[in-house]
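Here's the structure we're looking at; comments come further down.
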Amino acid sequence: MQTSDQHAESGAAGYDFRAIQERWLPVWEELRPFEANDAAAGGGRPRKYVLDMFPYPSGDLHMGHAEAFCFGDVLARYWRGRGYDVLHPIGWDSFGLPAENAAIKRGVDPREWTYANIAQQKASFRLYAPSFDWSRVLHTSDPEYYRWNQWLFLKLYEKGLAYRKASWVNWDPVDQTVLANEQVLADGTSERSGAPVVKKKLTQWYFRITDYADRLLDDLDALEGQWPAKVLNMQRNWIGRSTGAEVEFEIEGREAKVPVFTTRPDTLYGATFMVVAPDSDLAAELAASASPEARMRFQEYLAEAQKQSEIDRQNADRPKTGVFLDHFAINPVNGERIPVWAADYVLADYGHGAIMAVPAHDQRDLDFALKFELPVRVVVEVRGEDGEPLPDPAESGVATAGDGILVNSGPLDGLGKAEAIARAVEVLEERGTGRAAKTYRLRDWLISRQRYWGTPIPILHGAGDSNAGEMRPVGEAELPVRLPASEGLDLKPKGASPLGAATEWARVIDPETGEEWTRDPDTMDTFVDSSWYYLRFLSARDDTQAFDPELARRWGPIDQYAGGVEHAILHLLYSRFITKVLHDLGYLDFEEPFTALLNQGMVLQDGAKMSKSKGNLVEFASELREHGADALRVTLAFAGPPEDDIDWADVSVQGSAKFLARAWRVADDVASEPGAEFSAGSTELRRHTHRLLADAPGLVEQYKFNVLVARLMDQVNVTRKAIDSGAGAADPAVRESAEATAMILSLFAPYTAEDMWAKLGHEPTVALAVWPEPDPALLVEDEITLVVQVNGKVRDRLTLPASVSESEAETAALASEAVQRAIGEREIANLIVRVPKIVSIALR
RNA sequence: GCCCUCGUAGCCCAACUGGCAGAGGCAGGCGACUUAAAAUCGCUUCAGUCAGGGUUCGAAUCCCUGCGAGGGCACCA
């Protein structure tokens, strides 16, 4: 039984998307045409690894998934059509907090919720029909997967790239777990729970990503043009390298010198005080040897500072605060004695947690100096746009940070900023009190989490008398360290990992020594899971190794990665880091995992992000049911450039369905036999078809899917006309056009294209049909339209043979009556001929 | 404050990367089919490219300034 609406969309003329879906789905499942060929020789065919960011199983697929997987699938199908062996796998990023929170809410095991959602998503994918290689499916929450996650951890641990330290960390008070820096939003709230993040001092596991900061930054240059400019920019900002100098200051009464980092070593003579972060070890140490009053002041200040939330602390408008630490430092270039203060505008974990303050040329230092009446000394004379010297910062309250001539600076006097920086570094190096240096905004990656639903960290802690305080890795042969059953464990967030309460699980007795050990109770950040999953697809069923390096050589790196821009920093940065580590360990011969990246935009409704709470949700499942997979995919591909957001209010799924029916009817109308000699067909239509074949690859490779769909619409329109009022349905050129249309359309509408392919008398599947090469003879025009401009205005259009020479074109242009009229009595100043296009005449 | 994108018909978007502003679609209009409507088919209206300046024979495209939208970083020394 059908509603009238459905009946309308199935099309009165015989196109019925439901029947077509039901016809081809079982055929494809039988044929399994998308299982990738791993063989070394590979039949001599080139390879492409096309990957979509794997989904998180929170409920059913939504429109965002529909969009992302549509674009990834277009690319995978495209390369197959070009004759490549394509690897296009799918899996699930199935560890993580939402499952655990849902499990707590419903009182069920996280496994149950997770695997039920995966089953639902698999069923939706089945109908949506991306060309996945299902034989390699993986779930990161399977022990067969996280076993190798643990292996990866051990490799980093052996290399000294995984370590434990006590530090101030981001704490999510709602989810009751630590967060990586990357998971704290710009406004100081958690990207997960939305709660304001607080700082806690805890001992946690870190990956030493900062060791790779330079490579992670510099290697971005090679991705220019292959990755969206926006993502490159975001990664560069995030790594945040600054170059400058490290300057060592002596502190009176202290043995060791204190290094500070500055980007402006040229202003060293203008340093009038030093500031250290109140929560740094140095501040505590200096306070300890200060006068009792100073010590008291400091302790009060520190306590006050630590009460601040991240949000308050990040407010740059807030007045400067600080306390004098009752110590003096010596400026290494001029021997000047300057006071040392503690102030919270200096961060403990950036640079060295201490700065030299140059109030004349740094606004923050100036604000501080004016408030606490510290001296301000100009050492760079900066001029404004009008060429006049800028007013004295001490008077104006505005620091002068620009370029200028150095004064009051000994050997630097008279130099410009850039020369002065270079000279200052030389001076420091000569005296052994400093050097050129770089520092980064990037911090080490905090990977431990105090939650249940993740990969257990494969480390044992000594729990006996003889081994107290010791730490030892679990042997590789003993992996995986399986998660204990959740039954009987309280998963509610309470600040300590639930695994700690699984006493049976946690207790390990060494069979040889009888020593008692306790398992590390924390689990890994799920971004560890996703940092290398693309390699596991190569060896998804291999229980002897994480992945086969030979297969990685064969398939890697990923030729085409597709996914949302929300992972522009987190996942992509971590994955790049882990790839470089695996390269350095000798497992990979490449250093960058993702050669090309496509970020799709979001699917909006009436300009707003869709959400249940806003009531503007367009359901993937219902769209799929009402319009079918093909119409949905065509709509998404046609809406605009893939990187742009799609507003569902601006698109028409009905329009897409109409187009598909028109395309299908063209194939249905073809009246010539398969194998008909195309060269006997209408040249006009053939030219159109071959131009499409010639342009389609460039359009796909430049992600201009919307343009390619428009070209397909055009092709269908032109072919329709040829059938109805031109060459006729029996003309072989009509068949040629319909076949080309089916092949290219199969990127967007696999069901419709398959049905067209069958109507045209071919065996399934169109997905493996290699596109014909365009005939160059049909791409050459025999006539061109030459535009003649006089003083920038189009005065005539001349139809000329394509072979026309420059001088012939010039003669023809000047012979035009309209052109002569435009020229009139005036003299020609310049005449430019660009042959197939234009003749441009400028008059004096 | 620093950095990155982007502004083209009523709407979504094209424009061979400096050469006739229009490929495609939505919406609108007219017509055919129909008892009628839906669907289908055919035809069709619609902007001079956010504003201003510059380079050029020629600018939507390159450069500068401004306005507007979106995004990243930010007491980061």
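Letters A, B, ... mirror the listed sequences (proteins, then strands); counts begin at 1.
- Phosphate proximity of B:rC41 to A:Arg665: present, with a side-chain N or O under 4.0 Å from OP1 or OP2.
- Within the 4.0 Å cut-off from OP1 or OP2 of B:rA14, at least one side-chain nitrogen or oxygen of A:Asn706 is found.
- The nucleotide B:rC62 finds its pairing partner in B:rG54, both defining distances of the Watson-Crick or G-U wobble pair being shorter than 3.5 Å.
- Within 4.0 Å (heavy atoms only), A:Glu566 reaches no atom of the nucleic acid at all.
- Within 4.0 Å of A:Ala710, counting heavy atoms only, lies at least one base atom of the nucleic acid.
- Across all strands shown, the partner of B:rC41 is B:rG31, judged by Watson-Crick or G-U wobble contacts whose two distances both fall under 3.5 Å.
- In A:Asp281, the CG atom is not crowded: 12 or fewer heavy atoms of neighbouring residues, nucleotides or ligands sit closer than 6.0 Å.
- Atom name C1', nucleotides B:rG52 and B:rC73: the rounded distance is 31 Å, in whole Å.
- Separation of the C1' atoms belonging to B:rC46 and B:rC13 is 15 Å when rounded to the nearest angstrom.
- Among the heavy atoms of the strands lying under 4.0 Å from A:Asp344 is at least one base atom, whether or not backbone atoms are also near.
- B:rC11 and B:rG54 have their C1' atoms separated by 34 Å, given to the nearest Å.
- A:Val700 and A:Leu747 make their closest contact through CG2-CD1, 3.9 Å (heavy atoms, listed as atom of the first residue, atom of the second, distance).
- Interface remark: the A:Ser652 side chain does not form any donor-acceptor pair with the B:rC26 base, using a distance-only criterion of under 3.5 Å.
- Here A:Thr263 does not reach the OP1 or OP2 of B:rC76: none of its side-chain N or O atoms lies under 4.0 Å away.
- Atom CD of A:Glu566 sits in a crowded spot, with more than 12 heavy atoms from other residues, nucleotides or ligands closer than 6.0 Å.
- Counting any heavy atom pair closer than 4.0 Å across all strands shown, A:Pro641 reaches sugar-phosphate atoms only and no base atom.
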- [ ] Assess whether side chain to side chain contact (heavy atoms under 4.5 Å, CB included) is satisfied between A:Ile646 and A:Thr635, documenting all intermediate values.
- [x] CA-CA 10 Å; A:Ile646 298 172; A:Thr635 303; over 6 Å; no

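- Between the C1' atom of B:rC76 and the CG atom of A:Asp365 lies a distance of 12 Å, rounded to the nearest Å.
- B:rG25 and B:rU65 have their P atoms separated by 41 Å, given to the nearest Å.
- At the phosphate of B:rA23, neither OP1 nor OP2 sits under 4.0 Å from any side-chain N or O atom of A:Asn717.
- Phosphate proximity of B:rG70 to A:Lys230: absent, as no side-chain N or O sits under 4.0 Å from OP1 or OP2.
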TODO: Evaluate the criterion side chain to side chain donor-acceptor pair (under 3.5 Å) for residue pair A:Thr321 and A:Tyr301; output intermediate values, then yes/no.
DONE: CA-CA 9 Å; A:Thr321 56; A:Tyr301 181 66; 2.8 Å; yes

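- Using bins of under 30°, 30° to 60° and over 60° for the plane-to-plane angle, the ring pair A:Phe372/A:Phe368 lands in the tilted bin.
- Among the atoms of the strands shown, base atoms are found under 4.0 Å from some heavy atom of A:Asn233.
- When heavy atoms are screened at a 4.0 angstrom cut-off, A:Val346 is found touching base atoms of the nucleic acid.
- Nearest-nucleotide mapping onto RNA chain B: of A:Ala229 and A:Lys658, the residue sitting toward the 5' end is A:Ala229.
- In this structure, CD of A:Gln789 is placed 11 Å from P of B:rG19, rounded to the nearest angstrom.
- For B:rA27 and B:rG70, the P atoms lie 28 Å apart once the distance is rounded to whole Å.
- Base pairing of B:rG48: no nucleotide in any strand meets the Watson-Crick or G-U wobble criterion (both distances under 3.5 Å).
- Base orientation at B:rG48 is syn, since its O4'-C1' glycosidic dihedral falls within 90° of 0.
- Across all strands, A:Arg241 comes closer than 4.0 Å to no nucleic acid atom at all (heavy-atom distances).
- When each of A:Arg662 and A:Ile355 is assigned the nucleotide of RNA chain B bearing its nearest heavy atom, the one mapping closer to the 5' terminus is A:Arg662.
- If you take atom P in B:rA15 and the same atom in B:rC6, they sit 13 Å apart, rounded to whole Å.
- Atom CG in A:Asp349 sits about 11 Å away from atom P in B:rC75, given to the nearest Å.
- Aromatic ring centres of A:Trp341 and A:Phe273: separated by at least 6.0 Å.
- Rounded to whole Å, the distance from CG on A:Asn237 to P on B:rG72 is 10 Å.
- Rounded to whole Å, the distance from CG on A:Asp668 to P on B:rC41 is 14 Å.
- Seen from the ring of A:Tyr345, A:Lys320 counts as a face-on cation partner, given the 6.0 Å and 45° thresholds.
- With both ends at atom P, the span from B:rG48 to B:rA21 equals 14 Å, rounded to whole Å.
- Within 4.0 Å of A:Thr439, counting heavy atoms only, lies no atom of the nucleic acid at all.
- Atom name P, nucleotides B:rC12 and B:rC4: the rounded distance is 27 Å, in whole Å.
- B:rU5 and B:rA69 make up a base pair, with Watson-Crick or G-U wobble contacts both under 3.5 Å.
- Across all strands shown, B:rA14 forms no Watson-Crick or G-U wobble pair with both distances under 3.5 Å.
- B:rU17: glycosidic angle within 90° of 0, hence syn.
- You'll find a donor-acceptor pair under 3.5 Å spanning the side chain of A:Lys837 and the base of B:rC16, going by distance alone.
- Here A:Arg711 lies out of heavy-atom contact (under 4.0 Å) with every strand.
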